[in-house]
Amino acid sequence: SNYVAYPDRELQENDVLFLYSEYLSLYNKSESRFGFAYFYENLKGIIQHNREGHSWTMALNRFADISLQEFMRLQTMQGRDSAEFLNDVV
């Protein structure tokens, strides 16, 4: 599966903007109203998790620009195509 890699160092604002641009390109998405804010918060959580030395790592994936609530709605929806849902929220 595809994911966006990030450098193993403290990220600067330019790094985050570059990663968001790469993310949008990789997943053929356009900017959404809250997409960057969710992306940035999710990125910070991923970095923190991975630095804590857990037995598994997290990565940026196609859900990085949506909220946890939107993700849970996507995972539990019934009778609706997931691609249709993603087009509605992003």
Side-chain angles (χ1 to χ4, degrees):
S1 133
N2 292 332
Y3 64 93
V4 177
Y6 57 88
D8 186 23
R9 60 176 165 73
E10 291 299 318
L11 297 178
Q12 303 298 314
E13 181 178 352
N14 286 342
D15 295 323
V16 177
L17 292 172
F18 175 77
L19 288 172
Y20 186 58
S21 173
E22 290 289 303
Y23 168 82
L24 293 174
S25 177
L26 177 65
Y27 294 107
N28 197 27
K29 292 186 171 194
S30 57
E31 292 187 45
S32 65
R33 183 173 178 192
F34 299 110
F36 179 77
Y38 290 135
F39 176 86
Y40 184 53
E41 288 304 310
N42 288 328
L43 175 62
K44 289 190 301 186
I46 290 166
I47 291 170
Q48 178 180 342
H49 170 87
N50 291 345
R51 287 184 177 160
E52 292 173 351
H54 297 276
S55 62
W56 57 280
T57 58
M58 297 173 72
L60 291 167
N61 61 28
R62 67 188 179 108
F63 302 111
D65 66 339
I66 62 174
S67 69
L68 177 59
Q69 292 77 16
E70 289 170 310
F71 177 77
M72 294 305 293
R73 195 171 109 203
L74 174 63
Q75 296 304 310
T76 60
M77 62 187 217
Q78 298 176 13
R80 208 168 158 204
D81 180 50
S82 61
E84 177 185 343
F85 174 83
L86 281 175
N87 287 335
D88 288 350
V89 298
V90 293

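The structure presented is a predicted model; accordingly, all values stated were derived computationally and were not measured.
Linking Ile, Leu, Val, Met, Phe, Trp and Tyr residues whenever their side-chain heavy atoms come within less than 4.5 Å leaves F34 and L43 in two separate clusters. A single hydrophobic cluster is not seen to contain both L26 and F18; linkage of ILVMFWY side chains at heavy-atom distances under 4.5 Å, directly or through other members, places them apart. V16 is connected to I47 through a chain of hydrophobic side-chain contacts under 4.5 Å among Ile, Leu, Val, Met, Phe, Trp and Tyr, so both are in one cluster.
A distance of 10.5 Å separates CD in Q75 from CG in L68, rounded to the nearest 0.5 Å. Remark: Q48 CD to H54 NE2 distance equals 8.0 Å, nearest 0.5 Å. Within the model, atoms CZ of F36 and CD of E41 stand 10.0 Å from one another, a figure rounded to the nearest 0.5 Å.
The side-chain contact (heavy atoms from CB on, under 4.5 Å) check on L24 picks up Y20, K29, E31, with sequence neighbours excluded. In terms of the side-chain hydrogen bond (donor to acceptor under 3.5 Å, both in side chains) criterion, Q12 has no residue partners (sequence neighbours excluded). With sequence neighbours excluded, the residues forming a side-chain contact (heavy atoms from CB on, under 4.5 Å) with S67 are Y38, Q69, E70, listed by chain and number.
Taking both residues in full, the closest heavy atoms of Y27 and L60 are given as OH-O, 4.1 Å, listed atom of the first, atom of the second, then distance. Considering all non-hydrogen atoms of both residues, Y23 and N61 come closest at CE1-O, 3.0 Å. Closest approach of L74 to F63, counting heavy atoms only: CD2-CE2, 3.0 Å.
Checked by atom type and distance alone, the side chain of N50 never pairs as donor or acceptor with a backbone atom of T57 at under 3.5 Å. Remark: the backbone N or O of G35 is not paired with any side-chain donor or acceptor of Y40 at under 3.5 angstrom.
Heavy-atom neighbours of E13 CD from other residues, nucleotides or ligands within 6.0 Å: at or below the threshold of 12.
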